[in-house]
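Both backbone and side-chain heavy atoms feed into the values below; hydrogens, waters and symmetry mates do not. Just so we're on the same page: letters track the sequence lines, and every chain starts at 1.
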Amino acid sequence: MKITSIKGFADIFPGEVETWQWVEAQARRVFSAYNFAEIRIPILEKTELFSRSIGETTDIVEKEMYTFEDRDARAGAGAEGTKLTLRPEGTAGVVRAYVEAELYKIEPVRKLYYLGPMFRRERPQKGRMRQFHQIGAEALGRGDPYIDAEILLLLHDFFQSLGLTEPALQINSLGCSECRPQYRANLLAFLKEREATLCGNCQRRIDRNPLRALDCKEPGCIDATKDAPSLLDGLCAVCAEHFATVQRLLGETKVNFTLNPRMVRGLDYYCRTTFEWTTKLLGSQSAVAAGGRYDGLVEQLSGPPIPGVGFAMGVERLTMLLRLQERSDAGGLDLYFAWIGAPARDWAFPLTHRLRQQGIGVEIEAESRSLKSQMRRADKLKARAVVILGDDELAKGLAVVRDMASKQQQEISLDNLETALTARKAN
RNA sequence: GUGAGUGUAGCUCAAUUGGUUAGAGCACUGGAUUGUGGUUCCAGGGGUUGAGGGUUCAAGUCCCUUCACUCACCCCA
């Protein structure tokens, strides 16, 4: 029986990896411009970190996490191992690291970004994998609306740097610990009155997370909640002022957005500004990037009361978008070394090594093939030049260098070949 | 977790009402005056028709089971 990969876990092969590298390079460039620095955190964390931060009643924690019990080396009878979980998202780990290292004592404001695999055990479909990859950023220590806007501008710049016109931005405000309980109570009362007309899902949501009923897609629920109290009307003065500033800053920097008062984020820790960048091009998994403010999270993870705001984006979804726009670069090899006869090969082999040491991309065969077949291979590899070395050339002490684009060939003495090829690459 | 759809060469797909040795294009390998790429021409390699069982003189085709993948619901990046 052939061993296969795990369902929902994908290999990414050459040809596609280049797109990933390009995305990551652009992210690093844009994020640095906004003074975000990379942090690398573990892929495995204690389960409690996620259940405490993401929320006990969220789908992620309830049924999507890869959790197992670690072996305890010193375990005696009855000793319990520690429960560990493959991270389903990045924010919790970043905040944990931030609190654990007490970074706030060294520097009150920290702007961090991360990239890497996340794991959620969902049914795979287009744009949804069990191992998927996120690039995310967190700004810790700032509660002002300017940093919210900065995060949105950063994403805007990033998408622009990739040449993408999709996805589009939607924003909302969820209020804070001052005003949300009141709003929640109002909404709850409203929903209770109409409980019978709601879908089964929403009836269950009423007690657990009533806000979610707002973005239910069931026609009946959309109709029933048409006149529900709006989140934006329920904001306290401070939240309203904060959100107004975010919108003003987006206007002044000419970043397009739509206001979506029904947008509710899935994770419990969000408050105030929340946002999603969505596209219609990817089927039902439309969110490419999403995030928001999470002012209570650091404290919830045993840190001081420090505000934060951040986002994550799905790299698979992003590269799917790029693929739709047919963005692909050619790549190619600097040099192909074609030889005829074993003496030529053995002369070429050490030279190939020296060229590679200088960063020149070179390919050479080990087994004898016709020159035609070697030329074909050079073409296939998109080699910019081919060195031809046979018995005749070896006898005359020279080699033929062919430029594949111009088809021009020149003879170069073997003594000068290495410097000539190095110089060629430099140009 | 629920539902639907699809499994034939590395890829995209053919194969009459069940009927000879399962084909084509692309890709791969080689060749077309002895040592020169892309275009063209010729040739070649490559399949347990996802797997297992059943019906039948005969199964890629019909039935059952199973596995895998895909899409949607749900959820989310």
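Spacing between B:U16 and B:G7 at atom P, rounded to whole Å, works out to 14 Å. Straight-line distance between the P atoms of B:C64 and B:G5: roughly 13 Å, to the nearest whole Å. Rounded to whole Å, the separation between the P atoms of B:C63 and B:U56 comes to 16 Å. A gap of 16 Å separates the C1' atoms of B:U39 and B:C26, to the nearest Å. Separation of the C1' atoms belonging to B:A22 and B:G60 is 8 Å when rounded to the nearest angstrom. The gap from the P atom of B:C13 to that of B:G50 amounts to 15 Å, rounded to the nearest Å. Nucleotides B:C69 and B:C11, compared at atom P, are 15 Å apart to the nearest Å. Comparing the same atom, C1', in B:U61 and in B:G1 gives a spacing of 34 Å after rounding to whole Å.
Side-chain atoms of A:S302 and A:R96 include no donor-acceptor pair closer than 3.5 Å. Donor-acceptor pairing under 3.5 Å is lacking for the side chains of A:R369 and A:Q374. Defined by atom type and a distance below 3.5 Å, a donor-acceptor pair is missing between the side-chain atoms of A:R52 and A:Q300. Side-chain atoms of A:N172 and A:T274 form no donor-acceptor pair, as typed in the model, at a separation below 3.5 Å.
When rounded to the nearest whole Å, the span between CG of A:L394 and C1' of B:G35 equals 14 Å. Rounded to whole Å, atom C1' of B:G35 lies 13 Å from atom CH2 of A:W339. What separates OH of A:Y336 from C1' of B:G35 is a distance of 14 Å, to the nearest Å. Between the C1' atom of B:G38 and the CG atom of A:L333 lies a distance of 17 Å, rounded to the nearest Å. The interatomic distance linking A:K372 (NZ) with B:C42 (C1') rounds to 12 Å, in whole Å. Separating the CG atom of A:D379 from the P atom of B:A27 is a distance of 12 Å, rounded to the nearest angstrom. Nucleotide B:G31 holds its P atom 11 Å from the CD atom of A:Q374, rounded to whole Å. As a whole-Å value, the separation of A:L371 CG from B:U36 P is 6 Å.
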- request: Apply ring pair (Phe, Tyr, Trp, His ring centres under 6.0 Å) to the pair A:H156 and A:W277, showing each step before the final yes or no.
  value: CA-CA 9 Å; A:H156 169 265; A:W277 298 76; 7.0 Å; no
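Heavy-atom distances to RNA chain B give each of A:K407 and A:L389 a nearest nucleotide, and the one nearer the 5′ end belongs to A:L389.
If you check distances only, the side chain of A:K382 never reaches the base of B:G38 with a donor-acceptor pair under 3.5 Å. For A:R402 against B:G37, a side-chain N or O and a base N or O form a donor-acceptor pair under 3.5 Å. If you check distances only, the side chain of A:R377 never reaches the base of B:G38 with a donor-acceptor pair under 3.5 Å. Donor-acceptor pairing under 3.5 Å, judged by distance alone, is present between the side chain of A:Q409 and the base of B:U36.
Electrostatic pairing of A:E150 and A:K111 counts as a salt bridge here, judged by a charged N lying under 4.0 Å from a carboxylate O. Using a 4.0 Å cut-off between a side-chain N of Lys or Arg and a carboxylate O of Asp or Glu, A:R265 and A:E276 qualify as a salt bridge.
Aromatic pair A:Y113/A:F36: centroids not less than 6.0 angstrom apart.
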message: Only Watson-Crick and G-U wobble pairs with both distances less than 3.5 Å should count. Give RNA chain B in dot-bracket notation, marking inter-strand partners with |.
response: (((((((..((((.....[...)))).(((((.......))))).....(((((..]....))))))))))))....
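With A:Y336 as the partner, the side chain to side chain donor-acceptor pair (under 3.5 Å) test is satisfied by one option alone out of A:R377, A:E365, A:E363: A:E365.
Aromatic ring pairs are classed by plane angle as parallel below 30°, tilted from 30° to 60° and perpendicular above 60°; the pair A:Y269 and A:Y294 is perpendicular.
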- request: Starting at the 5' end of nucleotides 70-77 of chain B, put B wherever the base has a protein heavy atom under 4.0 Å, S where only the sugar-phosphate does, and a dash everywhere else.
  value: -SBBBBBB
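For the atom pair CZ of A:F50 and OG1 of A:T58, the computed distance is 11.5 Å after rounding to the nearest 0.5 Å.
Neither OP1 nor OP2 of B:G35 sits under 4.0 Å from any side-chain N or O of A:S370. Put simply, A:K7 has a side-chain N or O that comes within less than 4.0 Å of OP1 or OP2 on B:C69. Between A:R369 and the phosphate of B:G30, there is a side-chain N or O to OP1/OP2 separation shorter than 4.0 Å.
Among the heavy atoms of the strands lying under 4.0 Å from A:E393 is at least one base atom, whether or not backbone atoms are also near.
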